[in-house]
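Ligands are counted one by one from 1 in listed order, and the atoms in each one are counted from 1 as well. Just so you know, these numbers use all the heavy atoms, side chains as well, and skip hydrogens, waters and symmetry mates.
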Amino acid sequence: MKKKIVITGGAGFIGSHVVRQFVLKYPEYHIYNLDALTYAGNLENLRDIENAANYTFVKGDITDEEFIQELFQKEQFDGVIHLAAESHVDRSITDPLAFVKTNVIGTVNLLQAFKALWQDNWQDKRFYHVSTDEVYGTLGESGLFTETTSYDPNSPYSASKASSDHFVRAYGETYNMPYVISNCSNNYGPNHFPEKLIPLCIHNIIHNKPLPIYGDGKYTRDWLFVIDHARAIDDVFHKGGNTETYNIGGFNEWQNIDLVKELCKQMDQVLGRTAGESEQLITFVKDRPGHDLRYAIDATKINKELGWSPSVSFPEGLAKTIDWYMNNQEWLANVTSGAYQDYYKEQYK
Ligand code: NAD
Ligand code: TYD
């Protein structure tokens with residue numbers, strides 16, 4: 001009998017790469033993609049595998065307790081890989097409650113449904129919670145986040161993710177639910193919604209629009225190509241120890257301003273512009289409140305214990321990403337019409 005795995009948030013940026021990886025690599029699994037298709041969810045991300053025999057899309061909201069209970073009872077999932085979330089820090093600053101609902105209550109609904117299904121019969125079952133390095137708060141100029149760094153979230157987004165991590169741990173302790181958690185650094189790559197720094201800048205460079213840099217642009221992030229995150233999720237799901245946490249990162253720190261300049265350089269070449277032309281679009285704007293200075297991951301544990309390391313270098317990943325957006329301008333045009341315009345005006349007014 002096939003194992004049934006439900007991946008939540010599978011129509012989103014990272015989720016779509018995880019769904020593709022699992023559908024193609026594991027014909028012995030049936031993969032259910034459970035997604036509410038919010039503004040960030042897009043079935044276009046999965047056109048190439050939507051007719052696969054071992055794939056089913058289920059439109060549904062993880063905050064709907066009754067629906068989730070019924071779905072789990074009906075399908076009897078053996079494993080959960082939970083990515084569905086409100087994921088954008090800036091939106092969490094204007095609407096924190098939406099983050100509490102999806103990221104906290106949604107996660108607890110899934111835990112409840114999984115518990116009701118298997119109770120004391122947890123053999124070969126697993127709840128995998130995909131989380132973020134932002135739960136650790138901010139680093140200063142030096143140091144790295146390890147799995148034992150204490151939680152110190154600063155934004156409503158990271159506070160909601162931290163809370164959901166705690167609930168997952170609590171279900172493990174209290175109800176013996178087998179779980180694993182990973183905390184990953186900033187991802188980039190194809191299908192990234194253009195509210196986040198890299199795809200927003202690619203979109204704006206193409207359209208000759210200002211590139212908004214918060215504050216002085218000296219904030220630092222550790223960037224990982226999304227397909228390497230999907231590979232890590234595969235490794236953690238299959239080989240990660242029960243009740244363990246794994247930090248995942250790119251060993252690839254960039255200050256925002258340097259990253260955007262590098263992007264401008266590559267885009268000038270791709271668009272046939274003179275060197276330095278796109279850089280003229282850089283505009284320093286009002287800072288994000290509570291802006292974390294620096295994130296950087298020590299990914300030694302996943303490297304040593306599970307043998308994972310990034311396979312795509314940053315120059316290669318960035319080139320692939322630019323290439324994807326240049327070849328998928330219809331995708332970009334579709335997701336930046338309508339509600340995106342209102343969001344953009346409000347955020348960058
Ligand atoms: P995303 O915003 O691109 O996608 C989120 C997906 O979840 C969308 O498809 C959306 O429709 C779905 N969703 C939202 N609310 C839902 C609900 N109530 N019910 C069902 N589905 C719902 O996010 P992403 O960037 O792909 O992030 C995925 C996960 O990875 C999140 O849990 C995020 O915290 C985590 N993460 C992201 C990053 C990153 O750099 N993007 C880094 C580390 C961890
Ligand atoms: P973002 O892509 O929103 O990811 P996160 O906040 O989860 O790290 O932002 C990455 C960095 O880029 C962060 O320091 C905020 C900054 N940033 C800008 O300077 N301008 C922007 O328009 C956006 C969206 C982000």
Numbered atoms of ligand 1 (with element) below 4.0 Å of Cys184, judged on heavy atoms: 42 (C), 43 (C)
Matching residue for Pro310 among Phe225, Phe251, Trp223 - test: side chain to side chain contact (heavy atoms under 4.5 Å, CB included): Phe251
Any N/O pair Tyr348/ligand 2 closer than 3.5 Å: yes
Ligand 2 N/O within reach of His291 N/O, cut-off under 3.5 Å: yes
For ligand 2, the portion of Tyr219 having any non-hydrogen atom under 4.0 Å away: side chain
Polar contact flag for Tyr157 and ligand 1 (N/O pairs, less than 3.5 Å): yes
Structural part of Leu197 in contact with ligand 2, heavy atom criterion under 4.0 angstrom: both
Atom 25 (C) of ligand 2 [closest protein heavy-atom partner, distance rounded to 0.1 Å]: Tyr214 CE1, 3.6 Å
Short N or O distance, Thr38 and ligand 1, threshold 3.5 Å exclusive: yes
Check: Tyr246 ring centre within less than 6.0 Å of Trp308 ring centre: no
Per-atom contacts, ligand 1 versus Ser185 - under 4.0 Å to a heavy atom: 42 (C), 43 (C)
Enumerated ligand 2 atoms positioned under 4.0 Å from heavy atoms of Ile213: 19 (O)
Within-cut-off N or O pair, Glu86 and ligand 1, under 3.5 Å: no
Short side-chain to backbone donor-acceptor contact, Thr8 and Ala84, under 3.5 Å: yes
Cation over ring face, Lys209 and Tyr344, 6.0 Å, 45°: yes
Residue Glu141 excluded, over 12 heavy atoms near CD under 6.0 Å: no
Backbone N/O of Phe99 and side chain of Thr102: donor-acceptor pair under 3.5 Å: no
Aromatic ring proximity, centroids under 6.0 angstrom, Phe77 and Phe72: yes
Nitrogen or oxygen of Ile62 less than 3.5 angstrom from that of ligand 1: yes
Nitrogen or oxygen atoms of Asn187 and ligand 1 under 3.5 Å apart: yes
Which segment of Val285 sits under 4.0 Å of ligand 2 when only heavy atoms are counted: neither
Residue portion contacting ligand 1 (non-hydrogen atoms closer than 4.0 Å) for Asn103: neither
Per-residue contact class, His88 against ligand 2 - non-hydrogen pairs under 4.0 Å: side chain
Lys NZ or Arg CZ of Arg221 over Tyr188 ring: under 6.0 Å, within 45°: no
Proximal ligand 1 atoms for Lys161, defined as those under 4.0 Å from one of its heavy atoms: 31 (C), 32 (O), 33 (C), 34 (O)
Atoms in ligand 1 flagged as close to Asp61, the criterion being non-hydrogen separation under 4.0 Å: 17 (C), 18 (N), 19 (N)
Under 3.5 Å: N/O of Ile14 near N/O of ligand 1: yes
Protein residue, atom and distance nearest to atom 4 (O) of ligand 2, heavy-atom basis: Asn186 ND2, 3.3 Å
Minimum non-hydrogen distance to atom 8 (O) of ligand 2, winning option of Glu195, His192, Arg91, Arg221: Arg221
Nitrogen or oxygen atoms of Phe13 and ligand 1 under 3.5 Å apart: yes
Close N or O approach (His82, ligand 1; < 3.5 Å): no
Protein residue, atom and distance nearest to atom 16 (C) of ligand 2, heavy-atom basis: Asn256 ND2, 3.4 Å
Sub-6.0 Å ring centroid separation between His238 and Tyr128: no
The one among Arg288, Lys196, Arg294, Glu134 that brings a heavy atom closest to atom 6 (O) of ligand 2: Arg288
Any N or O of Ser131 closer than 3.5 Å to N or O of ligand 1: no
Numbered atoms of ligand 1 (with element) below 4.0 Å of Asn186, judged on heavy atoms: 40 (O)
